[in-house]
2 protein chains.
Amino acid sequence: MNRTYSISDLASEFEVTPRTLRYYEEKGLLQPTRSGQIRRYSAADRTRLILVLRGKTLGLSLQESAELIGMYDPSSNNNAQLSRLIEKIQTRKAQLVAQKLELEQMIDDLDAWEQRSRKSMKSRKAKKV
Amino acid sequence: MNRTYSISDLASEFEVTPRTLRYYEEKGLLQPTRSGQIRRYSAADRTRLILVLRGKTLGLSLQESAELIGMYDPSSNNNAQLSRLIEKIQTRKAQLVAQKLELEQMIDDLDAWEQRSRKSMKSRKAKKV
DNA sequence: CATTACCTTTACGTAAACGTCAATTCAATA
DNA sequence: TATTGAATTGACGTTTACGTAAAGGTAATG
């Protein structure tokens with residue numbers, strides 16, 4: 001129990017390079033312990049890594065991810081901050097929803113345009129383009 | 001009609017610098033015409049700018065935005081690509097939804113922890129922390 | 001006509017997020 | 001014991017997305 005991970009364990013599991021993990025440590029996102037010179041990553045480190053990587057797919061900077069993760073420190077118990085965090089996420093989600101609607105509008109436009117095109121082609125019968 | 005915009009028009013409207021607009025042009029995202037040396041942005045340019053900026057808030061690179069915008073070229077009328085685009089957006093939205101759920105779980109955890117803390121404090125009565 | 005207000009290009013600078021050697025160390029194995 | 005494999009620490013390089021002068025053109029205005 002209390003399993004730990006080597007740098008290559010995590011690197012291969014999450015398809016990042018060791019360099020990336022060291023960089024994240026440098027930026028305070030991970031805090032592996034050392035057995036001698038070698039880094040040993042805890043389950044907590046692994047979880048934080050997951051959060052950082054997810055943050056990236058959501059377009060957050062490492063800085064932002066660091067802040068968000070800091071807000072989920074059970075010992076600090078800062079629910080107010082966590083609520084604000086959720087608000088942020090909701091805002092972002094709303095942006096995505098809006099964007100999606102707009103794209104659907106676009107595709108509808110294109111559909112309509114295609115329809116008209118087809119019709120006018122028909123009316124022009126065999127006329128060449 | 002066929003209104004155009006100066007670089008500072010767009011810059012101030014969208015709160016970016018002229019440098020940014022020139023950079024976007026350099027990257028092929030905008031294609032203003034010239035009256036003499038001066039750039040004149042069309043409504044189409046303005047629309048593309050909006051899309052680029054929105055892409056940014058969604059965490060897309062300029063490259064990615066360029067690709068997506070390219071997919072919405074009415075003259076190309078490529079509905080299949082547009083559909084793929086919508087899929088991408090939906091995927092991203094799903095990620096956000098999942099993330100939000102996870103955060104809500106986190107806040108619930110913290111709430112529960114807080115509850116327990118309060119209770120144990122009660123049971124210890126006036127014992128100092 | 002001189003100033004002001006915008007615009008231009010050229011070009012070097014910068015922060016973030018790693019990539020990519022190079023030179024070592026250390027432990028396990030042939 | 002020699003080698004191999006994985007790890008380490010520098011340290012410089014790279015890409016993206018602009019920032020920031022510097023030096024100059026142009027048009028309207030006092």
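- Rounded to whole Å, atom P of D:dA17 lies 17 Å from atom CD of B:Glu25.
- Put simply, CG on B:Leu62 is 15 Å from C1' on C:dA16, counting in whole angstrom units.
- Distance from the side chain of B:Thr20 is smallest for D:dG19 among the nucleotides D:dG19, C:dC18, C:dC7.
- In this structure, B:Glu26 atom CD and D:dT16 atom P are separated by 12 Å, rounded to whole Å.
- The local environment of CD in B:Glu26 is crowded, with over 12 non-hydrogen atoms from other residues, nucleotides or ligands closer than 6.0 Å.
- When the side-chain nitrogen and oxygen atoms of A:Ser6 are compared with OP1 and OP2 of D:dA6, none of them lie within a distance under 4.0 Å.
- In terms of heavy-atom proximity, B:Glu64 sits nearest to B:Gly59 at OE1-O, 4.2 Å.
- Contact check, B:Lys56 against D:dC18: a side-chain N or O comes under 4.0 Å of OP1 or OP2.
- For the pair A:Ile7 CD1 and C:dA27 P, the computed distance is 18 Å after rounding to whole Å.
- One interatomic measurement links the two molecules: CD of A:Gln37 to C1' of D:dG10, which rounds to 13 Å at whole-angstrom precision.
- Checking B:Lys27 against B:Arg19, the closest nucleotide of DNA chain D that is more toward the 5' end is the one next to B:Lys27.
- For the pair B:Tyr23 and A:Ile38, nearest-nucleotide mapping onto DNA chain D gives the more 5' position to A:Ile38.
- Classification of A:Glu67 and A:Lys27 as a salt-bridged pair fails, no side-chain N sitting under 4.0 Å from a carboxylate O.
- Counting non-hydrogen atoms under 4.0 angstrom, A:Arg40 reaches nothing in the nucleic acid.
- We find that CD of A:Gln63 is positioned 16 Å from C1' of C:dC18, with the value rounded to whole Å.
- Listed nucleotides: C:dC7, D:dT9, D:dA7. Nearest to the side chain of A:Arg34: D:dT9.
- When all heavy atoms of B:Leu60 and B:Ser65 are compared, the pair lying nearest together is CB-OG, 3.8 Å.
- Between A:Tyr24 and C:dA17 there is no side-chain N or O to OP1 or OP2 distance below 4.0 Å.
- When all heavy atoms are compared, the tightest approach of B:Ile7 to B:Leu21 is O-CD1, 3.3 Å.
- In this model, the phosphate group of C:dG19 is approached by a side-chain N or O of A:Thr17 to a distance below 4.0 Å at OP1 or OP2.
- Atom pair B:Asp9:CG and C:dA5:P shows a separation of 17 Å (rounding to whole Å applied).
- Residue A:Arg39 places at least one side-chain N or O under 4.0 Å from the OP1 or OP2 atom of D:dT9.
- Per the geometry, CZ belonging to A:Phe14 stands 18 Å off C1' belonging to C:dC18, to the nearest Å.
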